[in-house]
Amino acid sequence: MDRCVPSHPGRIALLALSLFAPRALAAQAADTMHLEVGSTLVDGRTFRPHRARVQVRLGAPDGPVVAEWVNALTVGDSAGREVHRWVTTGTQTPVNGPQSTWEIRQTYDARTQAPYGYHRTGSAGGHMQLTLIGPRVVGRSRPNANAAYTDIDVLLDRPGFVASASDLVPLATGLRAGAVMVAPFWGPGMTRTERRIFTVVGREPRMVEGTQWEAWRVEERRYDDRVLLATWFLVAGSPYMVAGEVVQPDGRIRYMTEIALP
């Protein structure tokens, strides 16, 4: 009898775990990327100038359209540095509320995706203009045309990627099955960044407004409690995000679809 092989099935299983678990854990650790703003692992120059239209439905993939917007990306220069300029023009149509319109203009570093500027205006007179310098956020805002402006000067714990465009980070880092990315995120009104985890599950067929895609399924979770925040379906070219499922605080899902425009 070969003395190297235990005769008891349970002992065989334990031996297998002892042999392969360290290798499995090492592989998982190797596939986990801890990103910060400015990381050389992130390169947003994969995004080319394009226009795309997003529709958002609430509660079900065929539910009512509650929002629609157009994203337009142009590439420019700022003091010798290549930048991405995003203009998003949208219409909000709540199920039980009046329609409103808004526009958001954002400027990112083309390579690192570090945010430099955020400017939002709304049809009700709301206005927010922010400048980001590393972890510092300065600017002013008002909720509507009748309100006074409030000055904003916040020092975050660290620079953060923009939370409302979180799907850009895994795309700019590179998609491969099993990859895990941990990164800090920031959004207007936040005084600290929040870490998110992105897991690239694998490729999955997805029908989006009559077009069949073989998209990457990427799950986004909050780092602290591992709660699922969104599931993204991403592709290498325009429109980059073809679909998304974003979990709302009440548990309902916002189903997003995106198609490229001329």
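Computed from a prediction, not measured in an experiment: that's the story for all the values here. Computation of the quantities below employed the complete heavy-atom set of this structure, encompassing side-chain atoms and omitting hydrogens, waters and symmetry-equivalent molecules.
Atom OG in Ser141 sits 11.5 Å away from atom CZ in Arg120 (nearest 0.5 Å). Atom CZ of Arg57 and atom CD of Glu68 lie 9.5 Å apart (nearest 0.5 Å). Rounded to the nearest 0.5 angstrom, Asp167 CG and Glu220 CD are separated by 8.0 Å. Annotation: the span from Tyr240 atom OH to Leu171 atom CG amounts to 8.5 Å, rounded to 0.5 Å. In this structure, the separation between OG1 on Thr121 and NE2 on His127 is 7.0 Å, given to the nearest 0.5 Å. Taking CG of Leu175 as the start and CG of Leu234 as the end, the distance is 6.0 Å to the nearest 0.5 Å.
Proximity of a side-chain donor or acceptor of Arg195 to a complementary backbone N or O of Asp224 within less than 3.5 Å is not detected.
Under 4.0 Å is where a charged nitrogen must lie from a carboxylate oxygen, and between Arg196 and Glu194 at least one such pair does.
Using a 30° and 60° split on the angle between ring planes, Phe47 and Trp86 fall in the perpendicular class, above 60°.
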- Message: Test side-chain contact (heavy atoms from CB on, under 4.5 Å) on Thr93 and Thr91; report intermediate values, then the result.
- Response: CA-CA 6 Å; Thr93 310; Thr91 301; 3.9 Å; yes
- Would Val75 and Glu82 satisfy side-chain contact (heavy atoms from CB on, under 4.5 Å), going step by step from the backbone distance to the final call? CA-CA 7 Å; Val75 178; Glu82 187 177 356; 3.1 Å; yes
- Task: Kindly indicate, with the supporting measurements, whether the criterion side-chain contact (heavy atoms from CB on, under 4.5 Å) is fulfilled by Val169 and Phe185.
- Result: CA-CA 10 Å; Val169 173; Phe185 285 86; 3.7 Å; yes
- Quick one: do Leu155 and Arg136 satisfy side-chain contact (heavy atoms from CB on, under 4.5 Å)? Show the steps, please. CA-CA 5 Å; Leu155 186 63; Arg136 191 178 180 196; 4.2 Å; yes
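Nearest approach of Ser238 to Ala260, heavy atoms of both residues: OG-CB, 3.5 Å. Residue Trp69 comes nearest to Gly90 through the heavy atom pair CB-CA, 3.5 Å, listed as atom of the first residue, atom of the second, then distance. A pairwise comparison of heavy atoms in Thr88 and Asn71 identifies OG1-OD1, 2.8 Å as the closest pair.
Residues Thr107 and Ser78 are not in side-chain contact: their nearest non-hydrogen atoms beyond the backbone lie 4.5 Å or more apart. Taking the side chain as every heavy atom from C-beta outward, Phe161 and Thr193 never approach each other to under 4.5 Å. Between Glu258 and Val242 there is no side-chain heavy-atom pair separated by less than 4.5 Å.
Scored by the salt bridge (Lys or Arg N to Asp or Glu O under 4.0 Å) test, Arg53 finds Glu209 as partners (sequence neighbours excluded). The side-chain contact (heavy atoms from CB on, under 4.5 Å) check on Asp77 picks up nothing, with sequence neighbours excluded. Residues satisfying the salt bridge (Lys or Arg N to Asp or Glu O under 4.0 Å) test with Asp250, not counting sequence neighbours, are Arg252. Here Asp225 pairs with Arg222 under the side-chain hydrogen bond (donor to acceptor under 3.5 Å, both in side chains) rule; sequence neighbours left out. Under the side-chain contact (heavy atoms from CB on, under 4.5 Å) criterion, Ile253 pairs with Glu245, Val247, Tyr255, not counting sequence neighbours.
Proximity of the aromatic rings of Trp102 and His119 is defined here by a centroid distance below 6.0 angstrom, and this criterion is not met.
Atom CZ of Arg105 sits in a sparse spot, with 12 or fewer heavy atoms from other residues, nucleotides or ligands closer than 6.0 Å.
Put simply, the residue from Glu219, Met181, Arg221 that forms a side-chain contact (heavy atoms from CB on, under 4.5 Å) with Phe198 is Met181.
Val70 belongs to a hydrophobic cluster whose remaining members, ordered by chain and number, are Leu261; membership requires side-chain heavy atoms of ILVMFWY residues under 4.5 Å apart, directly or through intermediates.
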